[in-house]
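Each chain gets a letter, A, B and so on, in the order its sequence line appears, and its residues count up from 1.
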Protein chains: 2
Amino acid sequence: MNKAAQLEASELLKNADVYPSYQRIMVLASLFESDEHPSADALFKQLGSNVPTISRATVYNTLNLLVDKGVIRSLHTAGAETHFDSVSETHGHFFCRKCKKIYDIPQQNTEVKHELDGHLVESQELVFTGLCKECRE
Amino acid sequence: MNKAAQLEASELLKNADVYPSYQRIMVLASLFESDEHPSADALFKQLGSNVPTISRATVYNTLNLLVDKGVIRSLHTAGAETHFDSVSETHGHFFCRKCKKIYDIPQQNTEVKHELDGHLVESQELVFTGLCKECRE
DNA sequence: TACTCTATTTAGATTAAATCTAAATTTAGA
DNA sequence: TCTAAATTTAGATTTAATCTAAATAGAGTA
């Protein structure tokens, strides 16, 4: 429903050379609006009310495409699902093994590498795992 | 078959307060012997010839137990499977999105954090993704 | 040794995240 | 409008990982 998020999504899609279909706009805008780090399935369910006919495959396809294009980031933790992050500034994440929540962690000395031992680096992920503030008690 | 690896595995299990059953010793020794970063299923298949009756569940249970105990590390990449690493020194990994191989990356300024924004940090993972040396060409 | 309780392992069924497939729909260009 | 390419859809399929219930192995006691 957030028009601003949809406009921003549309712009980002165009800039990434991805046709801004209604479904893609809604997937990306929906990711913007959730300040958590939703999984593909969580997004699919969240989208259900706004885009009743959207299919799971479209959500997965769109998210994977946008990761490839560098528009969003994928997050791989000890949890079963892949999560997605719309924020492009480099930062780390903390994964709570108990409540499964993911927290943003400001990343120090963020020297982004483009090559490493001869390998071409396209992205990097720093993930901490443990017990979050809430679950420690 | 490697007796030395089995002895080392047995010692590590005892130190971690885990009963060193034949199967657990073989799983850990098998992980030592593979210089790659095998998935649970790859280990299961590799073990097949030495421990014909070992079950998938035992391999998964053992690996998960050892991750919990801090004896080994789990690796979460853009690939579907979880991989495992027997090396305990902190280091990063590079995941090739084409050939799916995982390379060790020496990790600079390895200041291991134990707390972060109030969260209790138990482990950390640094994973780079891209095209490896071989696949770039 | 015999008995009991607990820990571990096993084979196969089950779950669930993610992908695949083939048909339907939408879009862009002639 | 017509055609070809791109996108979406619903549901089937795949597969990594977990779960279940029974079998086996180990430890402690008499």
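Summary of the strand contacts: B:Y22 and A:N61 both lie near DNA chain C, and taking for each the nucleotide with the nearest heavy atom, the more 5' one is attributed to B:Y22. If you find the closest nucleotide of DNA chain C to B:R56 and to B:V18, the one lying nearer the 5' end belongs to B:V18. Residue whose closest nucleotide on DNA chain D sits further toward the 5' end, between A:P52 and A:Y19: A:Y19.
No contact: A:S39 has no heavy atom under 4.0 Å from any strand. Within 4.0 Å (heavy atoms only), A:T58 reaches at least one base atom of the nucleic acid. Residue contacts shown for A:D41 are absent, as no nucleic acid heavy atom lies under 4.0 Å away.
Side-chain atoms of A:E36 do not come within 3.5 Å of backbone N or O of A:I102 as any donor-acceptor pair. Side-chain atoms of B:R97 do not come within 3.5 Å of backbone N or O of B:G79 as any donor-acceptor pair. Between the B:H83 side chain and the B:H37 main chain, a donor and an acceptor come within less than 3.5 Å of each other.
Considering A:L75, A:L66, A:L31, A:V27 in turn, A:L31 is the only one that fulfils the side-chain contact (heavy atoms from CB on, under 4.5 Å) rule with A:F84.
Pair assignment for C:dT27: D:dA4, on the basis of Watson-Crick or G-U wobble contacts that are both within less than 3.5 Å.
Taking 4.0 Å as the cutoff to heavy atoms of chain A, we find the contact window on DNA chain C bounded by C:dA17 to C:dA28.
With contacts defined as side-chain heavy-atom distances shorter than 4.5 Å, the pair B:F128/A:S123 does not qualify.
Side-chain contact check for A:Q23 and A:T58: no donor-acceptor pair (N or O, by modelled atom type) lies under 3.5 Å.
If you measure from atom CD of B:E81 to atom P of D:dT18, you get 12 Å, rounded to the nearest angstrom.
The side chain of B:T82 contributes an N or O atom lying less than 4.0 Å from OP1 or OP2 of D:dA17.
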